[in-house]
Amino acid sequence: KWRFLEHKGPVFAAPYEAMPDRVKFYYDGKPMKLKAPAEEVATFFAKMLDHEYTTKDIFRKNFFKDWRKEMTSEEKSKLTDLNKCDFGEMSEYFKAQSEARKQMSKGEKQKNKEENERLLQEYGFCVMDNHKERIGNFRIEPPGLFRGRGDHPKMGMLKRRIRPEDIIINCSKDSKQPKAPPGTKWKELRHDNKVTWLASWTENIQGSIKYIMLNPSSRIKGEKDWQKYETARRLKKCVDRLRTQYREDWKSKEMRIRQRAVALYFIDKLALRAGNEKEEGETADTVGCCSLRVEHVKLYPKMDDQEYVVEFDFLGKDSIRYYNKIPVEKRVFKNLQLFLENKQPEDDLFDRLNTSILNKHLQELMDGLTAKVFRTYNASITLQQQLKELASDDSLPAKVLSYNRANRAVAILCNHQRAPPKTFEKSMQNLQTKIDEKQNQLSAARKQLRGAKAEHKASHDDKSKKTVEVKRKAVQRIEEQLMKLQVQATDREENKQIALGTSKLNYLDPRISVAWCKKWVVPIEKIYNKTQREKFAWAIDMAERDYEF
DNA sequence: CTGGAGACTTGGCCCCACCTTG
DNA sequence: CAAGGTGGGGCCAAGTCTCCAG
């Protein structure tokens, strides 16, 4: 992956600062001074007091169990009931602190900013093969309470503090080796150029490994990204063949082949994720295609005016709900009925299939093909098709709206949802007020224009002619402003529950967007912000106006 | 085939610096 | 100048997929 790699190692979380003595913790109504280890963990809970998490049974149970591990034997014997713990003063203290931070003077804020900048300059970059590259996450995650997503069995557990002794450093032999902080040493120093990470440690909640890697703007990430889209483009060339193939396989004598073919149909048509198996009880109960259970699908031979409708209802990645009703081909429907026979709701829909079998099959159909390539392919091809339908004479804001709509179509396909922003209603209202005002302005300006025209008709002099021109310009300007506002409102409304970022960043071949910008003379800044332009620098460089995905 | 380790991509949420507005 | 709103970016969890041992 590289020949030379030099960096300064990670930045560790700030050490724990004890509570001032005046800030008390109470047990059963009586003040109690905790030793630092238990106190630190208590502050994690105090900081989250306002969050719904802390009311959940599992969260409280997990927290209390892990908290007790940090207590002295004396503390342990005293503190036996979380309900008798009062973190109120601690919580108030942190709120006051954050308030104070907000109230800091300009100078102090500036000083903080400079300090951050210094840290970034010193630790935020590395040298990889003659290039200075930005590191993605050079700060080690601070200790705290684990918050899973959805119904996570481990929520509330203590995420322990990471020390230099936990860190494996990866760099090249001939580089200046990063120094561990004074009085400490690294767990290991290794020189493995078959991997891209600079440092790693094992996290204590799931026992998984975490990495420090380069920023998306780096050469190594960019090339990988490019490769990903090239694989998707190769799929484009053979997707017809594959579709014919899996339709044929719906008729197979073998159950495993039929299941494989129906699953692939879903992955292709609905852009479902592969769906690896997960260890039960270790994570939230979520599924993807191969791990769908009987309880997640319902079959309707007839629904309204449609035939063979399948209703999906399950929690996918990040416990985001996937809900969809779609008509399928008769043969798929019959197969599904067959798969469901004699099964319980909690049984696997595809009992003869998993991601490894599926991916092995895909690999045989096309080099480098895996389930997720279908998501990339379908996302990108959808964007390209949608953009082709754009009319050419639209104004710039209208063009951008069309782009966002195309982006939105992809986000819907990939089920990229978000919670409506807390400020949504309010900000919609504000926008509407602005639109109303602009409309009033417009009628006033039009009235003035009419007046000026009448004047000109009567006098026919140069001065009145000029006035007409000025008024006409004013009307035009206000019309444009109004249109812009209306477009903005439409865009925002349609975007209420849809997250565009994920597809833009991970699924849409950026060359399609770059080409579209060139073709319709839209400045690239209208589509990509600074970070995105950095990440997609390779594509901005590469794609001409006639690029075809 | 199974299970686990490891590496890397994908994903939603939240905070805060920055900008606009009153 | 304070208040309010927002986009960008950081955060870190949660997926995918490969590889390897047994």
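Residue numbers start from 1 in every chain, and the chains themselves are labelled A, B, ... in the order their sequence lines are given, proteins ahead of strands.
- The aromatic ring centres of A:F59 and A:Y53 sit less than 6.0 Å apart.
- For A:T502, counting side-chain heavy atoms from C-beta on, the closest listed nucleotide (B:dT10, C:dC17, C:dA13) is B:dT10.
- Atom CG in A:L505 sits roughly 16 Å away from atom P in C:dG7 (whole-Å rounding).
- The interatomic distance linking A:E277 (CD) with C:dG15 (C1') rounds to 14 Å, in whole Å.
- Toward the 5′ end of DNA chain B lies the nearest nucleotide of A:S503, the other residue of the pair A:S503 and A:R147 mapping further downstream.
- Distances were taken from every side-chain heavy atom of A:K221 (C-beta onward) to each of C:dC12, C:dC11, B:dC8; the shortest belongs to B:dC8.
- For A:R533 and C:dG8, the CZ to P distance is 10 Å, given to the nearest whole Å.
- The salt bridge (charged side-chain N to carboxylate O under 4.0 Å, His left out) test with A:E40 singles out one residue from A:R161, A:K47, A:R160, and that residue is A:R161.
- A:T370 and A:N359 make their closest contact through CA-OD1, 3.4 Å (heavy atoms, listed as atom of the first residue, atom of the second, distance).
- A:H152 has its ring centre less than 6.0 Å from the ring centre of A:F146.
- In terms of phosphate contacts, A:K210 brings no side-chain nitrogen or oxygen within less than 4.0 Å of OP1 or OP2 of B:dG6.
- A donor and an acceptor atom, one from each side chain of A:E117 and A:Q121, are located under 3.5 Å apart.
- Checked against the 6.0 Å centroid criterion, the rings of A:W67 and A:F87 qualify as a close aromatic pair.
- A:I205 comes within 4.0 angstrom of no nucleic acid atom, judged by non-hydrogen atoms across all strands.
- Contacts of A:A284 with the nucleic acid, taken as non-hydrogen atoms under 4.0 Å apart, are absent.
- Take the nearest nucleotide of DNA chain B for A:Y211 and for A:C414: the residue whose nucleotide is more 5' is A:Y211.
- Heavy atoms of A:K360 sit nowhere under 4.0 angstrom from any nucleic acid atom.
- As judged by a 4.0 angstrom heavy-atom cut-off over every strand, A:G207 is placed among residues making no nucleic acid contact.
- Put simply, CD1 on A:I527 is 12 Å from P on C:dG8, counting in whole angstrom units.
- Checked by atom type, the side-chain pair A:R408/A:N495 shows a donor-acceptor distance below 3.5 Å.
- Of the candidates C:dG10, B:dT9, C:dC12, the closest approach to any side-chain atom of A:R134 belongs to C:dG10.
- In this structure, A:K154 reaches neither bases nor backbone, as no heavy-atom distance under 4.0 Å exists between it and the strands shown.
- Using modelled atom types and a 3.5 Å distance limit, the side chains of A:T286 and A:K317 yield no donor-acceptor pair.
- Nearest heavy atom pair, residue A:A371 against residue A:I267, reads O-CG2, 3.8 Å.
- Across the helix from B:dC1-C:dG22 to B:dG22-C:dC1, the helix axis at one end is tilted relative to the axis at the other end by 10° (nearest 10 degrees, each axis from five pairs).
- A sub-4.0 Å separation between OP1 or OP2 of B:dT9 and a side-chain N or O of A:N506 is absent.
- When the nearest nucleotides of DNA chain C are assigned to A:R139 and A:A274 by heavy-atom distance, the more 5′-ward of the two goes with A:R139.
- In this structure, A:T196 reaches the B:dC8 phosphate: one of its side-chain N or O atoms is under 4.0 Å from OP1 or OP2.
- For A:P142, taking side-chain heavy atoms from C-beta onward, the closest of the listed nucleotides B:dC8, B:dG6, C:dC12 is C:dC12.
- The NZ-C1' distance, from A:K317 to B:dG11, rounds to 5 Å in whole Å.
- Closest to the A:E141 side chain, of the nucleotides C:dA14, C:dC12, B:dT9, is C:dC12.
- Contacts between residues 364-380 of chain A and DNA chain B, defined by a heavy-atom separation below 4.0 Å, involve A:K372, A:R375, listed by number.
- Checking A:K278 against A:Q363, the closest nucleotide of DNA chain C that is more toward the 5' end is the one next to A:K278.
- Distance CG (A:N495) to P (C:dT6): 13 Å, rounded to an integer number of Å.
- An OP1 or OP2 oxygen of B:dG6 is reached within less than 4.0 angstrom by no side-chain nitrogen or oxygen of A:K194.
- If you take NE2 of A:H416 and P of B:dT9, they are 16 Å apart, rounded to a whole angstrom.
- Distances shorter than 4.0 Å separate none of the side-chain N or O atoms of A:T283 from OP1 or OP2 on C:dA14.
- In this structure, the CG atom of A:L158 is 14 Å from the P atom of C:dC12, given to the nearest Å.
- Side-chain N/O atoms of A:H361 and A:R260 include a donor and acceptor closer than 3.5 Å.
- The phosphate of B:dG11 has OP1 or OP2 within less than 4.0 Å of a side-chain N or O from A:R273.
- Using a 4.0 Å heavy-atom criterion, one finds that A:T286 contacts the sugar-phosphate atoms exclusively.
- Aromatic rings of A:Y323 and A:F314 (six-membered ring for Trp) have centroids beyond the 6.0 Å cut-off, not under it.
- Counting non-hydrogen atoms of other residues, nucleotides and ligands closer than 6.0 Å to CH2 of A:W538 gives a total above 12.
- Listed pair A:N276 / C:dG15 fails the phosphate criterion, with no side-chain N or O lying under 4.0 Å from OP1 or OP2.
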